[in-house]
Participant: 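Here's a structure for you.
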Amino acid sequence: MGEYIREINGKRLSPESLMMGYGYRPEWSEGSLKSPIFQTSTFTFATAEEGKRYFELAYGLDEATQGETQGLIYSRLNNPDLEILEKRLTLWDDAEAGLVFASGMAAITTTALAFMEPGSVLVHSAPLYGGSDHFLHHIVDRFGVATIAWEPGTNIDDLHDAVAGRPIALILMETPANPTNALFSIADARTFADAHSSDDHAVPVVVDNTFLGPIWQHPLAHGADIVLYSATKYIGGHSDLIAGAALGSSKIMAKVAEYRTILGTMATPHTGWLMMRSLETLSLRMQRQEQNAQVVARFLADHPKIDHIGYLGHLKETDADFAIYKAQCDGPGAMISIWLTGGETEAFRFLNSLELVHLAVSLGSTESLVQHPASMTHAGVDPEDKKRYGVTDSLVRLSIGVEDPEDIIADLAAALDKI
Ligand SMILES: *Cc1c(COP(=O)(O)O)cnc(C)c1O
């Protein structure tokens, strides 16, 4: 695939303007304005020589010549719906290359496996999404890789001794953290990674940016090597697909691509097509969600049934996370953590009383969603860790959608009154 329009008369076009067509040419598909779903497992080669050349490039047996691009081979390696989508995703984070996956967990595990070596350590922020926590604490250790937790409110520099001279496989950060909205400094992780890097071992900083999506935080601009997404959330945005994405430099993504090809963790053409459709309204949806969240957070903040809320838009200068927020976030987003007065009984009564806001895990969708992390998404997290990171029985996690904000408030108010 060749070059596509990126600017007009020197004016660089915004991702919002490019989501409808970038990376696709109607002449590939009978003039079809929209990319079809390339629902095929395999692609024909014009000649045996062409097939041989495509494989040479795919397996890194030879370097591409000037202007030469990877040809289509087989849908586990590449497919137009995924390639066009990957091109579009690179625009939001100003990345050289991107890869889409069957799920956010596929993106995280495939990326981690690409850098893990027996005897190495994986440094991670905590808390993490429940699935990532399970991967690190029940799977990674079986491969001879140790994990070191970077806890909220602490400085990563305090972890130099814990590394004890071992090679660091990667630093995996989730900021803001799911489900508490705790923040971690990407710049500090970069400095730490560089201190543990050498000429033959560069420590990658990998940021799970699911909570702020591709609009409200751009980790690559703050020193990260790879930005990851559960594209099931804001990128998909309609609670109708499961997918993941990873973006970074061409060099680092080539390594992750090798693992995706062999592990077979890519997304399907149909999911790729659905995500392209979603990307056309990504910015509109997320802007509305953020506006709504600001209105809802104001209502929740002073409610007598609520002990306190975690919302990035309400951080005060005296909060430890405020400086990190100012340094690396472009907006407060639409995720609100609510610590109710009481415990599980009160939280469940609230959840069971909601009528408009749906009781379901996941987030970032057009409809507002609410769930109870301690017994749901984070049920498998070690009880001591839950306590330490504030994942208590009184916590409910709210994802604000695109509804009328006054209707969301009416529903929340009625349910809070039932406690
Ligand atoms: C949902 C989520 C994941 C997992 O993504 P899936 O698409 O469900 O596999 C990973 N990280 C975070 C922060 C999430 O919220």
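Both ligands and their constituent atoms are indexed starting at 1 by order of listing.
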Participant: Is the shortest side-chain heavy-atom distance between Tyr54 and Leu77 below 4.5 Å?
Facilitator: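 Result no, sub-4.5 Å side-chain heavy-atom pair not found.
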Participant: Give the residue, atom name and distance (to 0.1 Å) of the protein heavy atom nearest atom 5 (O) of ligand 1.
Facilitator: Ser230 OG, 2.9 Å
Participant: Is the shortest side-chain heavy-atom distance between Pro179 and Tyr389 below 4.5 Å?
Facilitator: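 Counting from C-beta outward, Pro179 and Tyr389 never come under 4.5 Å.
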Participant: Regarding ligand 1, does Ala106 bring an N or O atom to under 3.5 Å of one of the ligand's N or O atoms?
Facilitator: no
Participant: Tell me, do Met276 and Ser35 make a side-chain contact under 4.5 Å, heavy atoms counted?
Facilitator: yes
Participant: To the nearest 0.1 Å, how far is atom 4 (C) of ligand 1 from its closest protein heavy atom, and which atom is that?
Facilitator: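 Checking every protein heavy atom, the shortest distance to atom 4 (C) of ligand 1 gives Tyr129 CE2, 3.3 Å.
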Participant: Could you identify the single nearest non-hydrogen protein atom to atom 9 (O) of ligand 1 and state the distance to 0.1 Å?
Facilitator: Met105 N, 2.8 Å
Participant: Need the ligand 1 atom indices (1-based, order shown) with element for anything under 4.0 Å from a heavy-atom of Ser103.
Facilitator: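 Answer, ordered by atom number: 7 (O), 9 (O).
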Participant: Under the salt bridge (charged side-chain N to carboxylate O under 4.0 Å, His left out) rule, what do Arg12 and Asp94 come out as? Steps first, then yes or no, please.
Facilitator: CA-CA 12 Å; Arg12 198 178 161 91; Asp94 206 10; 3.7 Å; yes
Participant: So, Glu344 versus Ser375: side-chain donor-acceptor pair below 3.5 Å or not?
Facilitator: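 No, no side-chain donor-acceptor contact under 3.5 Å.
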Participant: Checking Thr147 against Phe135 for the side chain to side chain contact (heavy atoms under 4.5 Å, CB included) test, could you report, in this order, the C-alpha distance in whole Å, the side-chain angles of both residues, the deciding distance, and whether it holds?
Facilitator: CA-CA 11 Å; Thr147 57; Phe135 176 64; over 6 Å; no
Participant: Which residue and atom name correspond to the protein heavy atom nearest atom 14 (C) of ligand 1, and how close is it?
Facilitator: Lys233 NZ, 3.1 Å
Participant: Ligand 1 and Ile108, any nitrogen or oxygen pair closer than 3.5 angstrom?
Facilitator: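 Min N/O separation from ligand 1 is not below 3.5 Å for Ile108.
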Participant: Can you tell me the protein heavy atom closest to atom 13 (C) of ligand 1 and the distance?
Facilitator: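 Its nearest protein heavy-atom neighbour is Asp208 OD2, 3.4 Å.
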Participant: Go through the steps for Leu369 and Ser239 under the test side chain to side chain contact (heavy atoms under 4.5 Å, CB included), then give the verdict.
Facilitator: CA-CA 10 Å; Leu369 296 172; Ser239 298; 4.3 Å; yes
Participant: When you measure from the side chain of Asn292 to the backbone N and O of Gly401, does any donor-acceptor pair fall under 3.5 Å?
Facilitator: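 Such a contact is found between Asn292 side chain and Gly401 backbone.
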Participant: Mind checking whether Thr377 has a heavy atom under 4.0 Å from ligand 1?
Facilitator: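 No, Thr377 has no heavy atoms under 4.0 Å from ligand 1.
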Participant: Looking only at protein heavy atoms, which one is nearest to atom 7 (O) of ligand 1, and how far off is it?
Facilitator: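 Atom 7 (O) of ligand 1 sits closest to the protein heavy atom Thr232 OG1, 2.6 Å.
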Participant: Taking the side chain as C-beta and beyond, is there a heavy-atom pair between Leu99 and Tyr259 under 4.5 Å?
Facilitator: no
Participant: Which of the numbered atoms in ligand 1 are below 4.0 angstrom from a heavy atom of Leu363?
Facilitator: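 In order of number, 15 (O).
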Participant: State the atoms of ligand 1, each with its element, that fall below the 4.0 Å cut-off from a heavy-atom position in Gly104.
Facilitator: 5 (O), 6 (P), 7 (O), 9 (O)
Participant: Check the angle between the aromatic planes of His270 and Trp273 and answer parallel, tilted or perpendicular using the 30° and 60° thresholds.
Facilitator: parallel
Participant: Side chain or backbone of Ala243 under 4.0 Å from ligand 1, or both, or neither, by non-hydrogen atoms?
Facilitator: backbone
Participant: Ligand 1 and Glu174, any nitrogen or oxygen pair closer than 3.5 angstrom?
Facilitator: no
Participant: Give the contacting part of Leu128 toward ligand 1: side chain, backbone, both or neither, where contact means a heavy-atom distance below 4.0 Å.
Facilitator: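 For Leu128, there is no contact with ligand 1 at all, from either part.
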Participant: Below 3.5 angstrom, do we get any N/O pair linking Ser132 and ligand 1?
Facilitator: no
